[in-house]
Amino acid sequence: MKWTEQQIPRQDGRVAVITGANTGLGFETARRLAEHGASVVLAVRDTEKGKLAAARINGDVCVQELDLTSLESVHAAAAGLRATHPRIDLLINNAGVMYTPRQTTRDGFELQFGTNHLGHFALTGLVLDLLLPAPGSRVVTVSSTGHRIRAAIHFDDLQWERSYARIGAYGQSKLANLMFTYELQRRLAPHGTTAAVAAHPGISDTELVRNIPPAMRRPVSWLAPLISQPATAGALPTLRAATDPSVLGGQYYGPDGLAGGRGYPKLVTSSPDSYDLAAQQRLWAVSEDLTGVRFPVGRATAAAAQ
């Protein structure tokens, strides 16, 4: 049976916070959740673009400023969410950057690692207590098939200060997304209310590819019509991870087509490296140190769940 948006259950009374929701996959995710009754928060860096996106969505939609490249902004966004929403049912960590030239965030982190992983790690930790009381709540983090490509967690040089490879840095950030999900699920399991799930969109036609290396642009332009899918289809794995009642914590969803590039969402597996328990726990500890954010679910809880 092919899972489509027709399988999305009604979301009335549920609050969904989606990062990077003014365009692409995030926008399509927000649009469908709102159409199914959810109260949706577009957590975006550019609030004017967020308001334009909200105006295109039918339903209960509002905008929250969030710049994942700034821990100050992440803290402010978490405070804003607390002030307006006593409960969150869905936190969808969707925003991301890909293959950027060497840059750093406002806090000095390599841009892809800082945005894709550390920003979302901090946001999740700061609002998790709003999800824990909500039965059936979920944290959905969007990874990528890129977590397999030249990907490793470079604990000796997480910020790529000695040398920089944009593809490797992206792979590290997307591998970190999965490790974060799996470790978070172990910590959440004893609470029984909130699940951590991951998804990837396959090869989707979005603005994310604007920074691909010049040597790849022509081949990608030739192949894109054959191997990619529109954002409407790319959002389906995230939507399934967020809403399908059969989904379990710690699972990973992606397209069912060749090499996971396109198709209908199904349960998939990630790379062997992503399941390295010691690396997951080490990454968690490093992420806490770098962001200064501590979660309301601790390591003792994780050990009890194993």
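All values reported here derive from a predicted model rather than from experimental measurement.
- The backbone N or O of Asp156 sits nowhere less than 3.5 Å from a side-chain atom of His154 that would complete a donor-acceptor pair.
- The cluster map of Ile, Leu, Val, Met, Phe, Trp and Tyr, joined by side-chain heavy atoms under 4.5 Å apart, puts Val293 and Leu283 in different clusters.
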| message | Determine whether Leu68 and Thr115 satisfy the following criterion, side chain to side chain contact (heavy atoms under 4.5 Å, CB included), listing intermediate values before the conclusion. | response | CA-CA 5 Å; Leu68 290 165; Thr115 303; 4.1 Å; yes

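- Counted by atom type alone, Ser271 and Asp273 present zero donor-acceptor pairs between their side chains at under 3.5 Å.
- Side-chain contact between Gln280 and Ser274: absent, with no pair of heavy atoms (C-beta onward) separated by less than 4.5 Å.
- No chain of hydrophobic side-chain contacts below 4.5 Å, direct or via other Ile, Leu, Val, Met, Phe, Trp or Tyr residues, connects Val17 to Leu118.
- Looking at Asp89, its side chain never comes within 3.5 Å of a backbone N or O of Ala16 through a donor-acceptor pair.
- For the residue pair Ser73 / Asp67, no side-chain donor-acceptor distance below 3.5 Å is found, with atom types taken as modelled.
- Side chain of Ser143 to backbone of Lys174: a donor-acceptor contact under 3.5 angstrom is found.
- Using a 4.5 Å heavy-atom cutoff, the side chains of Val297 and His191 are in contact.
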| message | Please determine whether side chain to side chain contact (heavy atoms under 4.5 Å, CB included) holds for the pair Arg102 and Glu161, giving the CA-CA distance in whole Å, both sets of side-chain angles, and the decisive distance to 0.1 Å. | response | CA-CA 9 Å; Arg102 177 73 167 89; Glu161 294 171 317; 3.8 Å; yes

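- Heavy-atom minimum distance, Ala152 versus Leu175: CA-CD2, 3.8 Å.
- Between the OG1 atom in Thr194 and the CD atom in Gln185 there is a gap of 9.5 Å [rounded to 0.5 Å].
- With rounding to the nearest 0.5 angstrom, the OG atom of Ser163 is 6.5 Å from the CG atom of Asp157.
- In this structure, Asn116 contributes its side chain and Val97 its backbone to a donor-acceptor pair below 3.5 Å.
- Listed by first then second residue, pairs satisfying ring-ring contact (aromatic ring centres under 6.0 Å, His included) with a partner in residues 266-292 read Phe121-Trp284, Phe180-Trp284, Tyr182-Tyr275, Trp284-Phe295, not counting sequence neighbours.
- Looking only at distances, a side-chain donor or acceptor of Gln172 sits under 3.5 Å from a matching main-chain atom of Leu158.
- Between the side chain of Thr84 and the backbone N or O of Gly80, at least one donor-acceptor pair lies under 3.5 Å.
- Using a 4.5 Å heavy-atom threshold, the side chains of Ile92 and Arg138 count as separate.
- The minimum heavy-atom distance linking Gly37 with Arg10 is given by the pair CA-NH2, 3.6 Å.
- Salt-bridge check for Asp129 with Arg87: failed, with every basic side-chain N at 4.0 Å or more from each acidic carboxylate O.
- Remark: side-chain polar atoms of Thr19 are paired, donor with acceptor, to backbone N or O of Asn94 under 3.5 angstrom.
- A salt bridge does not link Asp276 with Arg282: every distance from a Lys NZ or Arg NE/NH1/NH2 to an Asp or Glu carboxylate oxygen is 4.0 Å or more.
- Residues Leu132 and Val41 share a hydrophobic cluster, clusters being chains of Ile/Leu/Val/Met/Phe/Trp/Tyr side chains in contact below 4.5 Å.
- Contact annotation: the side chain of Gln11 approaches that of Thr243 to within less than 4.5 Å [non-hydrogen atoms, C-beta and beyond].
- Under the 4.5 Å side-chain criterion, counting only non-hydrogen atoms from C-beta, Leu267 is in contact with Tyr253.
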| side chain to side chain contact (heavy atoms under 4.5 Å, CB included) assessment of Val40 paired with Ile57 | CA-CA 10 Å; Val40 175; Ile57 297 175; 5.9 Å; no

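- Hydrophobic clustering (ILVMFWY, side-chain heavy atoms < 4.5 Å, transitive): Leu184 and Val140 are in distinct clusters.
- In this structure, Thr100 OG1 and Arg166 CZ are separated by 7.5 Å, a value rounded to the nearest 0.5 Å.
- Using modelled atom types, one finds a donor on one side chain and an acceptor on the other under 3.5 Å when comparing Asn93 with Thr124.
- Contact detail for Thr105 and Gly114: the closest heavy-atom pair is CG2-CA, 4.0 Å.
- With hydrogens and angles ignored, the 3.5 Å screen pairs a side-chain donor or acceptor of Arg294 with a backbone N or O of Glu288.
- Leu123 and Leu178 are assigned to two separate hydrophobic clusters, defined by single-linkage of ILVMFWY side chains at heavy-atom distances under 4.5 Å.
- Note on ring orientation: taking the six-membered ring where Trp is involved, the planes of His117 and Phe113 are tilted (angle from 30° to 60°).
- With Asp256 contributing its side chain and Gly263 its backbone, the two residues share no donor-acceptor pair below 3.5 Å.
- Side-chain contact between Leu128 and Leu188: present, with at least one pair of heavy atoms (C-beta onward) separated by less than 4.5 Å.
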For residues 231-239, dump all side-chain donor-acceptor pairs below 3.5 Å to protein atoms at least two apart in sequence or in another chain.
none

| task | Could you give me the CA-CA distance, side-chain angles and deciding distance for Trp3 and Tyr264, then say whether side chain to side chain contact (heavy atoms under 4.5 Å, CB included) is met? | result | CA-CA 6 Å; Trp3 198 93; Tyr264 295 93; 5.6 Å; no

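- Paired with Glu5 under the rule side-chain hydrogen bond (donor to acceptor under 3.5 Å, both in side chains), one option of Arg32, Arg31, His36 passes, and it is Arg32.
- Here NE2 of His85 is found 9.0 Å from CD of Gln64. Values are rounded to the nearest 0.5 Å.
- Remark: the backbone N or O of Ile167 is not paired with any side-chain donor or acceptor of Gln112 at under 3.5 angstrom.
- Put simply, CG on Leu126 and NE2 on His75 are 5.0 Å apart, with the number rounded to the nearest 0.5 Å.
- His147 and Tyr252 have perpendicular rings, their planes meeting at more than 60° on a 0 to 90° scale where under 30° would count as parallel.
- The line from CG of Leu71 to CG of Asp107 is 4.0 Å long, rounded to the nearest 0.5 Å.
- Side-chain atoms of Thr4 and Gln6 form a donor-acceptor pair, as typed in the model, at a separation below 3.5 Å.
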